[in-house]
Amino acid sequence: MSEPTRVFYKGKEIDFIVFVDSIEALENYREQIKSGSKPALVDTVSQFKVYKNFQGTGSIGELETASKLELAVEFGDGKSVEDDIIPLILQEGEILATGNINKGRFRSTNDTKGTFAH
């Protein structure tokens with residue numbers, strides 16, 4: 001099974017990230033667009049969310065969901081995340097290296113802390 005892959009979109013003020021199921025799924029999506037088809041996003045992405053770096057720029061670091069205002073400023077008012085923004089990011093964004101996306105993000109310092117013996 002392929003790992004999720006980040007698609008990075010360099011914005012004017014804020015950079016955005018969308019997660020796709022795999023590089024193969026994204027390449028298939030792009031090929032269908034080139035051939036004039038309108039592929040279903042559900043075959044490419046599993047979360048219909050657009051993320052940004054906590055600091056606003058770059059592709060690495062703590063991510064959070066981009067606000068409606070941030071998306072409107074970048075892509076224009078009245079744009080739908082599912083119909084307009086995610087497809088644009090998938091078409092024009094850069095595929096970033098895969099690997100363990102959460103590596104080092106969640107560490108346990110003491111697994112016994114908080115457990116109670118009965």
Side-chain angles (χ1 to χ4, degrees):
M1 182 174 191
S2 297
E3 293 184 3
T5 302
R6 292 175 288 157
V7 179
F8 175 73
Y9 180 86
K10 179 77 173 154
K12 297 173 203 135
E13 299 289 326
I14 297 174
D15 301 334
F16 300 97
I17 295 170
V18 170
F19 287 95
V20 296
D21 294 332
S22 67
I23 292 174
E24 296 81 20
L26 178 61
E27 289 172 348
N28 184 42
Y29 177 88
R30 289 177 173 176
E31 286 299 318
Q32 288 183 38
I33 292 289
K34 284 181 188 176
S35 70
S37 299
K38 183 168 167 86
L41 282 180
V42 73
D43 296 332
T44 309
V45 299
S46 49
Q47 291 186 358
F48 292 89
K49 293 183 180 182
V50 178
Y51 296 91
K52 69 172 188 126
N53 183 309
F54 181 70
Q55 297 166 336
T57 58
S59 63
I60 300 173
E62 188 174 334
L63 299 178
E64 63 184 10
T65 305
S67 72
K68 289 181 181 182
L69 178 61
E70 291 165 331
L71 294 171
V73 167
E74 179 68 33
F75 300 103
D77 269 343
K79 299 287 182 175
S80 164
V81 171
E82 291 88 3
D83 296 332
D84 303 309
I85 297 171
I86 291 177
L88 177 70
I89 292 172
L90 294 180
Q91 291 174 53
E92 297 182 8
E94 173 187 353
I95 299 171
L96 298 179
T98 57
N100 189 351
I101 293 172
N102 293 321
K103 185 176 183 181
R105 187 69 47 135
F106 304 102
R107 274 184 274 166
S108 177
T109 55
N110 186 347
D111 290 336
T112 61
K113 196 179 227 180
T115 59
F116 301 107
H118 293 287

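The closest side-chain heavy-atom distance from V45 to Y29 is not below 4.5 Å. Between I86 and T44 the shortest side-chain heavy-atom distance does not fall below 4.5 Å. Considering only heavy atoms from C-beta on, D15 stays 4.5 Å or farther from N53 through its side chain.
Between the side chain of N28 and the backbone N or O of E24, no donor-acceptor pair lies under 3.5 Å. Side-chain N or O atoms of E64 include none that pairs as donor or acceptor with a backbone N or O of K52 at under 3.5 Å.
For the atom pair NZ of K49 and CD1 of I17, the computed distance is 14.5 Å after rounding to the nearest 0.5 Å. For the atom pair OG1 of T5 and CG of L26, the computed distance is 8.0 Å after rounding to the nearest 0.5 Å. A distance of 8.0 Å separates CG in L63 from OH in Y51, rounded to the nearest 0.5 Å. How far CG of L41 is from CG of D83: 8.0 Å, rounded to the nearest 0.5 Å. Rounded to the nearest 0.5 Å, atoms CG (L71) and NZ (K79) are 12.5 Å apart. To the nearest 0.5 angstrom, E74 atom CD is 5.0 Å from K12 atom NZ.
Cluster annotation: V73 is not connected to F75 through the hydrophobic network of ILVMFWY side chains, with a link wherever side-chain heavy atoms come within less than 4.5 Å. Two different hydrophobic clusters hold V50 and L69 under the rule that ILVMFWY side chains link at heavy-atom gaps under 4.5 Å.
In terms of heavy-atom proximity, A72 sits nearest to D77 at CB-OD1, 3.4 Å. Shown here for I33 and P39, the closest heavy-atom pair between the two residues is CD1-CD, 3.6 Å. Residue F16 comes nearest to E70 through the heavy atom pair CZ-O, 4.0 Å, listed as atom of the first residue, atom of the second, then distance. For the residue pair Q32 and S35, the shortest heavy atom distance occurs at O-OG, 2.9 Å.
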